Amino acid sequence: MSEEHWDRVYATKGRDDVSWYQAVPATSVRLVTAAIPATAAPRRVIDIGAGASTLADELLTRGYDVTVLDVAPSAVASVKARLDDRATYLITDLLEWQPETTYDVWHDRAVFHFLTDPTAQTAYVHLAARAVRAGGVVVLGTFAPDGPTACSGLPTARHDADSLAALFADYFELVSSERDEHTTPWGAVQPFTWVTLSRRP
Ligand SMILES: C[S@@+](CC[C@H](N)C(=O)[O-])C[C@H]1O[C@@H](n2cnc3c(N)ncnc32)[C@H](O)[C@@H]1O
């Protein structure tokens, strides 16, 4: 999952010219706002591997404090061009990132499934456990067991709710799960598994 690969994707393709494009990230907005409703004191959300997604825009208008993290500088630049100083930006490989604060919500749509190596999956879980406060949540969307075996030319792992709950079990409890079917801009259907996991104290 190199920076070079992902940066080239966003530098050379239009926003709606990638399989994961969504005009509105409706499932993400629904799951984040249900798990941790907005309050007068802004809740802190980090969108892991945010790409050019408009989730940050949607959550900012609902009163959340949003941090956008991605390994691709061109992706982060496209979000920053829309939101400027309304959001916080981190350009880093998530597995090399050292969180300096904690978040109420860790959101990941279509990033975790690029981790096909169990060691990397475990490192991701440890990182999420460090970055999410007790009582906070991980909202995670990955390819489902009948989902694609590759995306953007890279192999993908596929998960159901039980396998995700087991992977996160040392630190997180499964709150809810659902199946969602994403339709790509060219009409292909991609089944996703979504889970909300709560960080144990
Ligand atoms: C399939 S796209 C999904 C983008 C976005 N979450 C969405 O739903 O539109 C995967 C994203 O993960 C980012 N990514 C991949 N590997 C990463 C890593 N190791 N660290 C941080 N970001 C990564 C890519 O740059 C890309 O933006």
Side-chain angles (χ1 to χ4, degrees), residues 1-35 38 45-94 105-116 124 138-159 178-196:
M1 293 207 294
S2 71
E3 172 190 331
E4 197 190 343
H5 169 84
W6 288 107
D7 203 42
R8 195 174 338 109
V9 168
Y10 289 102
T12 58
K13 288 180 185 273
R15 215 182 114 221
D16 57 356
D17 197 21
V18 291
S19 60
W20 54 92
Y21 170 74
Q22 300 176 290
V24 179
T27 302
S28 300
V29 171
R30 176 171 52 78
L31 293 177
V32 168
T33 58
V45 180
I46 184 156
D47 191 9
I48 296 291
S53 168
T54 55
L55 178 62
D57 315 46
E58 296 287 339
L59 294 177
L60 284 167
T61 63
R62 290 166 171 80
Y64 291 82
D65 177 296
V66 184
T67 297
V68 166
L69 181 150
D70 204 285
V71 72
S74 54
V76 175
S78 74
V79 180
K80 198 168 185 185
R82 298 195 310 264
L83 301 176
D84 197 21
D85 61 1
R86 294 171 61 206
T88 301
Y89 307 93
L90 298 172
I91 300 174
T92 179
D93 185 319
L94 71 95
V105 181
W106 167 295
H107 171 270
D108 167 345
R109 172 178 178 264
V111 185
F112 182 71
H113 60 211
F114 289 106
L115 302 179
T116 54
Y124 179 106
V138 166
V139 173
L140 182 65
T142 72
F143 285 153
D146 55 341
T149 54
C151 175
S152 191
L154 300 172
T156 48
R158 301 181 293 174
H159 302 275
E178 63 186 64
R179 178 185 169 89
D180 182 44
E181 292 193 340
H182 168 63
T183 303
T184 69
W186 41 93
V189 173
Q190 298 184 329
F192 272 70
T193 299
W194 281 94
V195 290
T196 298

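FYI, the numbering just counts along the sequence from 1. Bear in mind the structure is a predicted one, so any value in this text is a computation, not a measurement.
- To the nearest 0.5 Å, the span separating OG1 on T184 from CD on Q22 amounts to 11.5 Å.
- Heavy-atom neighbours of E4 CD from other residues, nucleotides or ligands within 6.0 Å: at or below the threshold of 12.
- Distance check: H159 NE2 to T142 OG1 gives 5.0 Å after rounding to the nearest 0.5 Å.
- Note: I48 CD1 to R109 CZ = 15.5 Å, rounded to the nearest 0.5 Å.
- With values rounded to the nearest 0.5 angstrom, Y21 atom OH is found 7.5 Å from T54 atom OG1.
- Taking S152 as the reference, H5 meet the side-chain hydrogen bond (donor to acceptor under 3.5 Å, both in side chains) condition, with sequence neighbours excluded.
- Considering all non-hydrogen atoms of both residues, C151 and F114 come closest at O-CE2, 3.5 Å.
- Ring centroids of W20 and F192 are separated by 6.0 Å or more, keeping the two rings apart.
- With a 4.5 Å cut-off on side-chain heavy atoms, Y124 and L140 count as touching.
- Distance alone, capped at 3.5 Å, is enough to place a donor-acceptor pair between the T156 side chain and the T149 backbone.
- A heavy-atom distance below 4.5 Å is not found between the side chains of K80 and V68.
- Evaluation of the salt bridge (charged side-chain N to carboxylate O under 4.0 Å, His left out) test over residues 23-33, restricted to residues two or more places apart or in two chains, returns R30-E178.
- The two residues R158 and G147 make their nearest non-hydrogen contact at NH1-O, 2.7 Å.
- A side-chain contact (heavy atoms from CB on, under 4.5 Å) with D93 is found for exactly one of V71, D70, L69, namely V71.
- From L59, atom CG reaches atom CZ of R86 across 11.0 Å, with rounding to the nearest 0.5 Å.
- Looking at residues two or more places apart in sequence or on another chain, you find no side-chain hydrogen bond (donor to acceptor under 3.5 Å, both in side chains) involving T193.
- The shortest non-hydrogen separation linking E58 to P25 is CG-CD, 4.2 Å.
- Inter-residue side-chain proximity for D57 and L83 is flagged as met; some heavy-atom pair is nearer than 4.5 Å.
- Residues A72 and Y10 approach most closely at CB-CD1, 4.0 Å, considering heavy atoms.
- Among T88, T67, V105, the single residue meeting the side-chain contact (heavy atoms from CB on, under 4.5 Å) criterion with I46 is T67.
- Across all non-hydrogen atoms, the minimal contact from S28 to H107 is OG-NE2, 2.8 Å.
- Taking each heavy atom of V79 and S53 in turn, the nearest pair found is CG2-O, 4.3 Å.
- Two residues are said to be in side-chain contact when any heavy atoms from C-beta on lie closer than 4.5 Å; D146 and R179 meet this criterion.
- Here the straight-line distance linking atom CG of D16 with atom CH2 of W186 works out to 9.5 Å at 0.5 Å rounding.
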